[in-house]
Structure formats: structure tokens, C-alpha cells
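Structure record follows, encoded as C-alpha cells.
Just so it is clear, the model here is predicted, and its values are computed rather than measured.
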Amino acid sequence: MVSAENHHRLAIPTLVDRPIGLEHAVWVERPLVEQGESILAPLAWEELMCRQVGQGHAPVVHIWRHTDGMAIGLRDRRLTYATQAMEQFRQKGTSVCVRPSGGAAVPLHPGIVNLSIILPNPKRDISIHRDFRFMADWISRAVDPWNDQSYVGEIEGAFCPGDYDVSIAGRKFCGIAQRRQAKAYIITAFIIVEGSGNELSAGIRSFYDQAVGEQDKGYPVVQQGTMGSLAELAQVPDVASYTKQLQYILSQGQSIQTIDEQELFTKEEIQQMEAYLIERYDN
């Protein structure tokens with residue numbers, strides 16, 4: 001476990017502190033993924049974009065949100081009754097997928113910002129800890145206009161726990177994971193901006209209650225009172241205000257290039273990648 005006290009207020013990010021090339025990143029913000037649309041589309045887009053970055057495309061910052069969903073981890077998928085639990089959620093109208101990045105089950109919700117940075121790795125010499133520290137500090141500094149008391153360190157009892165949980169007053173609002181390809185990689189985070197931390201926790205706890213068998217070990221034991229939204233913890237008004245601050249910090253107040261993700265890949269390419277992700281991770 002990482003000590004929260006040792007990570008309070010990391011050094012202000014500069015171009016030196018940032019992952020190499022991030023100062024030239026382009027910004028891509030997907031419209032809200034509605035029910036009826038594929039829950040895997042944003043993840044499939046990131047897989048394809050990661051390949052492009054590995055071939056020389058500029059690094060990318062990708063932001064997306066979902067109306068009502070849940071993304072579970074690879075270890076979650078191997079729980080004894082995971083298939084039945086996933087189907088129960090789907091029958092209630094919640095989309096469910098298995099994501100290729102690390103970590104455990106997390107909810108998808110209009111108030112949750114999914115933030116990814118996609119970076120080249122031509123020499124395969126990335127420093128995950130450095131990049132996680134950067135991501136955690138960037139995310140926490142974007143909260144500073146409302147509350148400058150965020151901490152980095154695992155929150156016991158939170159869903160998708162990790163050393164780089166970001167929290168305020170002992171309640172987690174952000175988790176960070178990573179995904180590697182041969183020549184590029186993705187650092188990805190969920191940030192709870194709006195909504196009820198307890199309600200979101202209850203949903204994830206319900207999944208584990210249904211998915212876990214007697215022989216299953218090592219799954220997160222989700223507890224109430226460990227998660228919170230930035231609206232609850234810091235009075236951040238809405239998603240738009242928070243993402244605007246994220247962009248401002250990354251660009252250091254300068255304009256940042258934005259692109260429309262729909263211009264980059266065809267619908268058929270996205271669907272093919274979705275099928276690949278299902279075949280590889282959800283069987």
C-alpha cells in the first residue's frame with residue numbers, strides 16, 4: 001500500500017515530468033455513450049488508436065462516458081459465477097463488458113469520466129510508476145479550484161483498489177490502470193465527478209455478491225463509505241467544469257488540438273475490434 005501522506009501534493013507537472021510526447025497530444029472527447037450503443041466501442045477505439053500511436057501518430061488524450069454500464073476486469077471474469085452475474089445486470093438494463101486494461105470491476109455512469117492517455121513506447125522502456133504518479137497528480141490538481149486536499153494511496157474497501165487511488169477525506173474518487181501493446185501503451189483512469197459514491201459501490205458489491213463462489217479468492221471486498229464523487233467531496237459542479245480544468249492543466253493555458261474520433265476509424269473497423277476483444281477477453 002502506498003502511504004497517502006507521502007503523496008499529498010506531488011510536484012507540479014512540467015514538460016519534464018510528463019510522459020515523453022504528451023505535450024503534443026491531441027484531445028478527443030466522445031459524446032455520451034447511450035444505451036443501445038456498444039459498450040465496447042470506446043475501448044475498441046482506444047485499441048485501434050494505440051496501434052496508430054505506435055506507428056507514429058501523435059499521443060492522444062481520450063475522454064468518454066456511458067449512460068449505464070459496468071466494465072469488469074480479467075480476474076473478475078474468471079470468478080465462478082461471473083457469466084451469470086453479468087447476465088443479471090444486462091437483464092436489468094446495465095451494459096457489461098470485460099476490459100483489456102488492468103484492475104477490477106468499475107461502474108460506468110454519466111457522472112464518471114473515463115480518461116485515457118495513449119502514448120508511444122518504441123523502446124519498451126516505459127516507467128509505469130512514473131506515469132501513474134503523473135496521472136494521479138494531473139487528476140488531483142484538476143480538483144484544486146474546489147478542494148486541494150486530495151491524496152494518492154490505496155483506499156481499503158474501495159472498488160478497483162490500487163496503490164494510485166486518488167481520494168479526499170478517505171473516500172476514493174479515482175482509480176488508475178494501464179494497457180500495453182507492442183509499440184504503445186494506455187494509462188487509463190475513472191474519475192467519479194457526479195453521483196453517489198455509496199450507490200455506485202452498492203452496484204459493484206452486488207456484482208461480486210452474485211459472481212463469487214466459495215473457492216474464489218482475492219476479489220475486492222467493497223465497503224460502503226469508501227467511495228465518493230467530486231460533487232460530494234469537493235463541490236465540483238459538473239463534469240464539464242472538471243474536464244475543462246483537466247484540459248487547461250495539460251495545455252498549460254495554451255490551445256490544444258482536438259479531433260473527432262469518428263474521422264479516424266470506420267464503423268467496420270470498430271466492430272471488428274469489438275469482436276476481437278470479446279473473443280480474447282470475454283470467453
Validation row: V113, I63 side chains within 4.5 angstrom (heavy atoms): yes
same_hphob_cluster(L74, M273) at 4.5 Å side-chain heavy-atom cutoff: yes
Before giving the answer on side-chain contact (heavy atoms from CB on, under 4.5 Å), spell out for L277 and E47 the whole-Å C-alpha distance, their side-chain angles and the decisive distance to 0.1 Å. CA-CA 9 Å; L277 293 176; E47 286 290 300; 3.9 Å; yes
State, with a plain yes or no, whether a side-chain heavy atom of Y242 is found less than 4.5 Å away from one of V143. yes
pair L246-L115: side-chain heavy atoms closer than 4.5 Å: yes
Tell me whether the count of non-hydrogen atoms from other residues, nucleotides or ligands lying under 6.0 Å of CZ in R30 goes above 12. yes
Please check: side-chain N/O of E279 versus main-chain N/O of Y276, any donor-acceptor pairing under 3.5 Å? no
Please answer whether the main-chain N or O of E194 pairs with a side-chain N or O of D238 as donor and acceptor at a distance below 3.5 Å. no
Test of understanding: with ring pair (Phe, Tyr, Trp, His ring centres under 6.0 Å), list the residues that count as partners of F89, not counting sequence neighbours. none
Can you tell me which residue among D165, I191, L230, I112 is in a side chain to side chain contact (heavy atoms under 4.5 Å, CB included) with C174? I191
I'd like to know whether OH of Y219 has more than 12 heavy-atom contacts from other residues, nucleotides or ligands below 6.0 angstrom. no
Between the side chain of Y208 and the main-chain N/O of A105, is any donor-acceptor distance below 3.5 Å? yes
Counting the benzene-type ring for Trp, do F159 and F190 have ring centres under 6.0 Å apart? yes
Report the distance from atom CD1 of I187 to atom CH2 of W138, rounding to the nearest 0.5 Å. 11.5 Å
Residues pairing under salt bridge (Lys or Arg N to Asp or Glu O under 4.0 Å) where one sits in residues 211-223, two or more places apart or in two chains, turn out to be none
Spatial distance of atom NZ (K172) from atom CD (E156) [nearest 0.5 Å]: 12.5 Å
Using 0.5 Å steps for rounding, measure from the OH atom of Y185 to the CG atom of N121. 6.5 Å
Taking the side chain as everything from C-beta on, heavy atoms only, tell me whether V28 gets closer than 4.5 Å to W64. no
For residues L119 and V26: do they belong to one hydrophobic cluster (side chain heavy atoms under 4.5 Å, members Ile, Leu, Val, Met, Phe, Trp, Tyr)? no
Checking side chain to side chain donor-acceptor pair (under 3.5 Å) between T67 and each of E34, H109, Q35, which is the one that passes? E34
Quick one: does S229's side chain have a donor or acceptor within less than 3.5 Å of a partner on S196's backbone? no
Heavy-atom donor-acceptor pair, R99 side chain to A104 backbone, under 3.5 Å: yes
Between L233 and V193, is there shared hydrophobic-cluster membership here, with clusters defined by ILVMFWY side-chain heavy atoms closer than 4.5 Å? yes
Using side-chain heavy atoms (C-beta onward) and a distance below 4.5 Å, is V212 in contact with T80? no
Can you get from L250 to V60 by hopping between Ile, Leu, Val, Met, Phe, Trp and Tyr side chains that sit under 4.5 Å apart? no
Can you label the angle between the H129 ring and the Y164 ring as parallel, tilted or perpendicular, going by 30° and 60°? tilted
Yes or no on side-chain contact (heavy atoms from CB on, under 4.5 Å) for I72 and M86, after CA distance, side-chain angles and deciding distance? CA-CA 9 Å; I72 69 171; M86 293 165 70; 3.7 Å; yes
Compare all side-chain heavy atoms of Q257 with those of H24 and state whether any distance is below 4.5 angstrom. no
Closest non-hydrogen contact found for V166 with A136 is CG2-CB, 4.0 Å
Answer yes if the side chains of T258 and E29 hold a donor-acceptor pair under 3.5 Å, and no otherwise. no
Please name the pair of heavy atoms, one in E46 and one in S116, separated by the smallest distance, quoted to 0.1 Å. OE2-OG, 2.8 Å
Check: T243 side chain, V239 main-chain N or O, donor-acceptor pair, under 3.5 Å: yes
Hydrogens and angles aside, do E274 and S38 bring a side-chain donor and acceptor to less than 3.5 Å of each other? yes
My understanding is that only residues two or more places apart in sequence, or in another chain, count here; which of them pass side chain to side chain donor-acceptor pair (under 3.5 Å) with R205? Q224
Measure across L40 and V98 and return the closest heavy-atom pair with its distance rounded to 0.1 Å. CD2-O, 4.2 Å
Mutual orientation of the aromatic rings belonging to W45 and H62 [parallel < 30°, tilted 30-60°, perpendicular > 60°]: tilted
Shortest non-hydrogen contact from Y81 toward G213: CE1-CA, 3.7 Å
Any P110 side-chain heavy atom under 4.5 Å of R65 side chain: yes
Are the side chain of Q247 and the backbone of K244 linked by a donor-acceptor contact shorter than 3.5 Å? no
Could you check if a side-chain atom of S95 sits within less than 4.5 angstrom of a side-chain atom of H66, using non-hydrogen atoms only? yes
State whether a side-chain donor-acceptor pair under 3.5 Å links E87 with T83. no
side-chain contact (heavy atoms from CB on, under 4.5 Å) between V33 and I39, worked out: CA-CA 7 Å; V33 180; I39 188 175; 5.9 Å; no
At what distance, to the nearest 0.5 angstrom, does CE of M227 lie from SG of C160? 8.5 Å
With no hydrogens and no angle check, is any side-chain donor or acceptor of S206 less than 3.5 Å from a backbone partner on A202? no
Please find the pair of heavy atoms, one from L79 and one from A211, that lie closest to each other, and give the distance. CB-O, 3.5 Å
R179 side chain to S101 main-chain N or O, any donor-acceptor pair under 3.5 Å? no
Does E37 have more than 12 heavy atoms from other residues, nucleotides or ligands lying within 6.0 Å of its CD? yes
L22, V53: one ILVMFWY side-chain cluster at the under-4.5 Å cut-off? no
In terms of heavy-atom contacts, E269 and L264 come closest through OE1-O, 4.4 Å
Side chain of S167, backbone of G170: donor and acceptor closer than 3.5 Å? no
Take W27 and S251 through the test side-chain contact (heavy atoms from CB on, under 4.5 Å) and record every step on the way to the result. CA-CA 10 Å; W27 187 275; S251 65; over 6 Å; no
Measuring from atom OG of S150 to atom CZ of F173, what distance do you get when rounded to the nearest 0.5 angstrom? 5.0 Å
Value rounded to 0.5 Å, distance of OG1 in T266 from CD in Q272: 7.0 Å
